[in-house]
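To keep things clear, I will list the structure first and then write my remarks on it.
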Amino acid sequence: MKTKTKRQEIIRQIISEKEIRNQDELVKELRNVGIHVTQATLSRDIKQMKITKTPTVDGGYLYKLPESSTIIRKPTQQTISEMMSGTGFLTLKVSGNIAVIRTKPGYASSIAYHIDSANIAGILGTIAGDDTILLVLDEAIDKETTVKSLSNILNPD
């Protein structure tokens, strides 16, 4: 379990980046980054951090950070090799013109985005879930070359 300060920093980051409507959504987002927290602990964090619920036009509510604690994220340029060498990638398996990549929970969509952005010859597209990516490979291109290119990105040496 992360320390309280680190957990609250991650809560700030999540609320800054996503539209969180309730504690259940926030608990799920925290689990996606490996933090398991009880509802009681989360309630105390929300109160201590002075997070409020703001009404939306559709009649719902969104969590909002106090103005003084809003995080402004500056995008950092990261190469696909740097991104893939992180702890999210687990396995790559190929069958015919389909490849399946397994990741840790919460990493699949980000990795798929970077694969799509790399424009690797032989990969027609990706579909990502929470921890699995489906890749469709071009039958007209040598599969071994495509897999080797993908493997070099996923497991840089």
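Everything quoted here is computed from the prediction, not taken from an experiment.
Proximity of a side-chain donor or acceptor of T3 to a complementary backbone N or O of K6 within less than 3.5 Å is detected. A donor-acceptor distance shorter than 3.5 angstrom exists from the side chain of S43 to the backbone of Q39, with no hydrogens or angles considered.
K64 is not listed as a side-chain neighbour of K53, based on a closest heavy-atom distance of 4.5 Å or more. A 4.5 Å side-chain heavy-atom check between L30 and H36 finds every atom pair outside the cut-off. Between T103 and T132 the shortest side-chain heavy-atom distance does not fall below 4.5 Å. Side-chain contact between I46 and L26 is present, with at least one heavy-atom pair separated by less than 4.5 Å. Proximity of V100 to L135: side-chain heavy atoms (C-beta onward) are nowhere separated by under 4.5 Å. Side-chain contact check for I98 versus L137: every heavy-atom pair is 4.5 Å or farther apart. In this structure the side chain of T41 reaches within 4.5 angstrom of the side chain of R44, judged on heavy atoms.
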N/O donor to acceptor pairs below 3.5 angstrom from side-chain atoms of residues 118-129, sequence neighbours left out:
residue	atom	partner	partner atom	Å
T126	OG1	D116	OD1	3.1
T126	OG1	D116	OD2	2.8

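When all heavy atoms of A99 and V94 are compared, the pair lying nearest together is CB-CG2, 3.9 Å. Residues I133 and A108 share a closest heavy-atom pair of CD1-O, 3.4 Å.
In this view, A140 and D138 satisfy the side-chain contact (heavy atoms from CB on, under 4.5 Å) rule, not counting sequence neighbours. Applying the side-chain hydrogen bond (donor to acceptor under 3.5 Å, both in side chains) test to Q8 and every residue at least two apart in sequence or in another chain returns D45, Q48. N32 pairs by the side-chain contact (heavy atoms from CB on, under 4.5 Å) definition with E29, D130, not counting sequence neighbours. For R21, the side-chain contact (heavy atoms from CB on, under 4.5 Å) partners at least two apart in sequence or on another chain are E19, E25, T56, D58, L62. Residues meeting the side-chain hydrogen bond (donor to acceptor under 3.5 Å, both in side chains) test with D131, sequence neighbours left out: none.
Put simply, I115 and L134 are part of two different groups of oily side chains (I, L, V, M, F, W, Y) that touch within less than 4.5 Å, one to the next. Following chains of ILVMFWY side-chain contacts shorter than 4.5 Å, one cannot reach Y113 starting from V33, and the two form parts of different hydrophobic clusters.
The CG atom of N97 sits 4.5 Å away from the CD atom of E139 when rounded to the nearest 0.5 Å. One finds the CD1 atom of I20 at 9.5 Å from the OH atom of Y63 (value rounded to the nearest 0.5 Å). The structure places CD1 of I11 at 10.0 Å from CG of L65, a figure rounded to the nearest 0.5 Å. For the atom pair CG of L90 and CD1 of I101, the computed distance is 10.5 Å after rounding to the nearest 0.5 Å. From T38, atom OG1 reaches atom CD of Q23 across 9.5 Å, with rounding to the nearest 0.5 Å.
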